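In what follows, every heavy atom counts, from backbone to side chain, and hydrogens, waters and symmetry copies are set aside. Quick note: residue numbers are just sequence positions, from 1. For clarity, every value in this text was computed on a predicted model and none was experimentally measured.
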Amino acid sequence: MNFLVIDHVSHIYFTRQSAVTALENISFTIEEGEFVSFLGPSGCGKTTLLSIIAALIKPTEGTVLLEGNKIDSMNPSVGYMLQQDYLFPWKTIKENIFLGLKILGIDTSEAKQKALHLLADIGLKGIEKHYPHQLSGGMRQRAALVRTLATNPKILLLDEPFSALDYQTKLKLEELVWKTLKEYKKTALLVTHDIEEAIAMSDRIFLLSARPGKLTQTFNVPQELRSLSPFAARQHPAFSELFQFIWKELDQLETNK
Ligand code: ADP
Ligand code: MG
């Protein structure tokens, strides 16, 4: 069975003055355990697409199915992680990572233990009682990832989660997130404007055209890159070949805007 199905999804934002078509007739299927990325010019509807999958927005047309069922609001199967970490500044890291569990009413001691384990796994042992402002940007994003994973979602939606970080932190975090998601066998959808990041992390890459966002192309990342971790993939000769190719395609989309 298809794991995640996006079927003829279109979205129009209606405001008092105008109607903005953000997405037009998007259809694709994602298998369980796949890591896919979405690349496209800014404003082409990438965040809109993730918000629809997270059921934060109801699409004007089309449907989203997860394991054959329509996704409705507040579905614990879908975890969402954003560019900004949105950790609550007045809560400790521990309280922050338990928050999703609490909201969903599943904050059992077992679930909390698992979350603390994950925090340690991701290299944040010992900061449970710290407040977000005491951590670096990279550490906060890691804590945000733990919070997202704590509720054990089937799918992770990642909206430019590394774009506010410095280059080195970003590379390290790509590696860590990739390894963690593989280990926990999660399906992930990443939105990024960084071609290298998309190639380094994904199995497939979807290219969206400028607004209204339409799927223009899908790239299968070659097996020899997919089997490597992001950092190792960046060193492989096939990496720059694919980069050149996608760069040209994306450049064309930007100039046709
Ligand atoms: P991306 O994430 O690719 O940059 P978005 O999904 O955020 O793009 O936005 C797609 C288009 O929809 C943009 O033109 C944006 O201005 C518009 N848009 C986004 N959110 C709203 C909203 N709440 N109301 C009206 N227009 C919106
Ligand atoms: Mg966006």
Side-chain angles (χ1 to χ4, degrees), residues 2-6 26-42 44-47 49-50 53 81 83 121-123 138 141-142 145 149 155-210 213-257:
N2 292 321
F3 187 63
L4 177 70
V5 178
I6 311 297
I26 307 274
S27 295
F28 58 85
T29 300
I30 290 174
E31 296 310 322
E32 188 164 20
E34 250 195 308
F35 195 122
V36 301
S37 290
F38 296 87
L39 278 171
S42 92
C44 75
K46 302 182 294 295
T47 296
L49 180 61
L50 291 196
I53 297 170
M81 185 175 158
Q83 178 180 352
D121 262 4
I122 217 155
Q141 275 307 58
R142 278 189 273 165
L145 178 68
L149 286 174
I155 296 188
L156 260 99
L157 306 175
L158 308 162
D159 196 354
E160 306 200 14
F162 314 120
S163 61
L165 305 170
D166 63 80
Y167 190 63
Q168 228 159 338
T169 307
K170 174 188 150 85
L171 290 190
K172 280 188 195 157
L173 223 57
E174 278 179 17
E175 196 77 359
L176 194 64
V177 169
W178 186 86
K179 284 182 176 158
T180 308
L181 297 187
K182 284 278 176 279
E183 189 185 330
Y184 289 85
K185 297 193 169 57
K186 297 295 180 192
T187 307
L189 280 69
L190 170 75
V191 159
T192 177
H193 55 253
D194 181 338
I195 304 173
E196 293 190 8
E197 184 172 291
I199 300 172
M201 297 194 75
S202 326
D203 301 317
R204 270 193 298 163
I205 299 171
F206 294 101
L207 211 58
L208 292 163
S209 64
K214 293 183 207 159
L215 264 188
T216 58
Q217 282 197 62
T218 308
F219 301 95
N220 292 315
V221 175
Q223 187 54 44
E224 62 260 40
L225 293 180
R226 278 159 56 173
S227 54
L228 296 173
S229 79
F231 198 80
R234 285 171 183 271
Q235 324 297 322
H236 196 283
F239 186 89
S240 52
E241 209 172 295
L242 186 56
F243 176 87
Q244 296 293 335
F245 194 66
I246 297 178
W247 190 82
K248 279 192 197 122
E249 298 293 329
L250 201 58
D251 192 44
Q252 203 123 49
L253 288 179
E254 299 266 4
T255 45
N256 290 344
K257 217 157 87 165

Which residues share a side-chain hydrogen bond (donor to acceptor under 3.5 Å, both in side chains) with [X], sequence neighbours left out:
X: T169; answer: D166
X: S27; answer: none
X: Q217; answer: E249

Q | ring pair (Phe, Tyr, Trp, His ring centres under 6.0 Å) partners for F38, two or more places apart | A | F28, F206
Q: Just jot down the ring pair (Phe, Tyr, Trp, His ring centres under 6.0 Å) partners of F245, sequence neighbours excluded, or say none.
A: F219
Which pairs would a plain distance check flag for residues 224-237, meaning a side-chain donor or acceptor within less than 3.5 Å of a matching protein atom at least two apart in sequence or in another chain?
| from | atom 1 | to | atom 2 | distance (Å) |
| --- | --- | --- | --- | --- |
| S227 | OG | Q223 | O | 3.2 |
| S227 | OG | E224 | O | 3.4 |
| S229 | OG | E175 | OE2 | 2.6 |
| R234 | NH1 | E196 | OE1 | 2.7 |
| R234 | NH2 | E174 | OE1 | 3.1 |
| R234 | NH2 | E174 | OE2 | 2.9 |
| Q235 | NE2 | F231 | O | 3.0 |
| H236 | ND1 | A238 | N | 3.0 |

Q.
Among residues at least two apart in sequence or on other chains, which ones pass side-chain contact (heavy atoms from CB on, under 4.5 Å) with K214?
A. E24, S209
Q: Any ring-ring contact (aromatic ring centres under 6.0 Å, His included) involving residues 164-190? Give me the pairs, sequence neighbours left out, ordered by first then second residue.
A: none
(Q) Has T216 got a side-chain atom pairing as donor or acceptor with L207's backbone, closer than 3.5 angstrom? (A) yes
Q | G138 backbone acceptor or donor facing K172 side chain under 3.5 Å | A | no
Q: Kindly state each residue pair satisfying salt bridge (charged side-chain N to carboxylate O under 4.0 Å, His left out) with at least one member in residues 183-194, sequence neighbours excluded.
A: K170-D194
Q | Inter- and intrachain pairs under salt bridge (charged side-chain N to carboxylate O under 4.0 Å, His left out), touching residues 29-39, at least two apart | A | E34-R204
Q: Not counting sequence neighbours, which residues clear salt bridge (Lys or Arg N to Asp or Glu O under 4.0 Å) with E160? List them please.
A: none
Q: For D159, check salt bridge (Lys or Arg N to Asp or Glu O under 4.0 Å) against everything at least two apart and list the hits.
A: none
